[in-house]
Enquirer: 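Have a look at this one.
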Amino acid sequence: AVGQVVLLIGLAVGVDYAMFYLRRMMEEQDKGRSPDTALDVAAATSGRAVLISGFTVIAAMAGMFFSGNAIFSSFGIGTILVVAVAMIGSLTFLPAVLSYLGQKGWLEKGRVPYVAKRRHQNEGESRLWNAILNRVLARPVVSVILAGGLLVALTIPALGMQFKEPGTEGMSRSEPIVQTLDRVDAAFPGGSVPANVVVKANDVTAPEVQAAIEQLHDKAIATGQLSEPSGVEINPDKTVAVVSLSINGKGTDAASNRSLKTLRDEVVPVTVGKLDAEVAVGGMTAWSKDFLDTMKANLPIVFGFVLAMAFILLLVTFRSIVVPIKA
């Protein structure tokens, strides 16, 4: 997925940065400046905005490194790289191209006739946005209340947001393969998404290890939170055993999480957990719960880092305490 993120964000910032430059350069030419002078002004204004914007995005995406998950860290690395490349290109390659096009008089080659003509007549001003801005400035308090109320209303659905891996219940039940899976689950509840207890030892076929695995099975079934079918697989070197136990629920719902908690907190510690061996509980339910727990635990750190870095960058850039607070 990182390739897709890089492509989309690279296109977004690349187009944005080019528009900043081009729009400002054309505005300066409309004021009677030469192409070279117009480009100088665009570089000093829009170029500076690109620099600030790029560093802000890079700093913000660095917050992904605090997510505690390699997936998000890789997203952060990909985004930082593509924004850095777009920023460097916008400060070097883009002005060079605009300079060449300006000298040749080709900046507006292939323009849309009616739209371009209106833009020059209005000196780049928009009647629609000016009308909105004038009303906002005339009644700032009312505008803040209305806009703020709208933003709060838009955030209300987030209060009911649930962090969850979709699992098999997120698939369409009309698909033949899902219908087959449902029939298998009905016949063997929990068998398609079992919990796996992995035991790593010098010899998992040793009597004490086998006895602990048998205890694990019996105690797990006795809790009522885990059930048959179950199974034990051992690797050829006899150093790893994987004990599979069926769990309640669909794999990522509350019932499955209760089964996982029982297995981890009550069953494993008093059975295979007492062995001189490495023991871990895996499977779809464990992966989903651990992933979401890590994400939720690190979320405040990520947000705090991003806000702090953005605040510091804006403070240094604008030499104003009001601008970063407002932003």
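This is a predicted model, so every value here is computed, not measured.
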Enquirer: How many angstroms lie between atom CD1 of Ile312 and atom OG1 of Thr317, to the nearest 0.5 angstrom?
Expert: 11.5 Å
Enquirer: Assign the ring pair Trp287 / Phe291 to parallel, tilted or perpendicular, where the plane angle (0 to 90°) is split at 30° and 60°.
Expert: parallel
Enquirer: Is it true that Asp253 and Arg258 make a salt bridge, defined as a side-chain N closer than 4.0 Å to a carboxylate O?
Expert: no
Enquirer: What closest approach, in Å, do Tyr21 and Leu94 show between heavy atoms, and which atom pair accounts for it?
Expert: CD1-CD2, 3.6 Å
Enquirer: If you round to the nearest 0.5 Å, how far is CG of Asp40 from CE of Met25?
Expert: 9.0 Å
Enquirer: Closer than 3.5 angstrom, by distance alone: can the side chain of Gln29 be matched with the main-chain N or O of Ser34 as a donor-acceptor pair?
Expert: no
Enquirer: Give me the atom names and distance for the closest heavy-atom approach of Leu39 to Pro95.
Expert: CD2-O, 3.4 Å
Enquirer: Mind checking what makes ring pair (Phe, Tyr, Trp, His ring centres under 6.0 Å) contact with Phe66, not counting sequence neighbours?
Expert: Phe305
Enquirer: Considering residues at least two apart in sequence or located in another chain, which fulfil the ring pair (Phe, Tyr, Trp, His ring centres under 6.0 Å) criterion with Phe20?
Expert: none
Enquirer: Does the side chain of Leu91 reach to within under 4.5 Å of the side chain of Leu51, using non-hydrogen atoms?
Expert: yes
Enquirer: What's the verdict on salt bridge (Lys or Arg N to Asp or Glu O under 4.0 Å) for Lys31 and Glu27, showing C-alpha distance, side-chain angles and the deciding distance?
Expert: CA-CA 7 Å; Lys31 294 176 183 178; Glu27 286 176 356; 5.9 Å; no
Enquirer: Give a yes or no answer on whether the side chain of Thr239 reaches the backbone of Asn235 with a donor-acceptor pair at less than 3.5 Å.
Expert: no
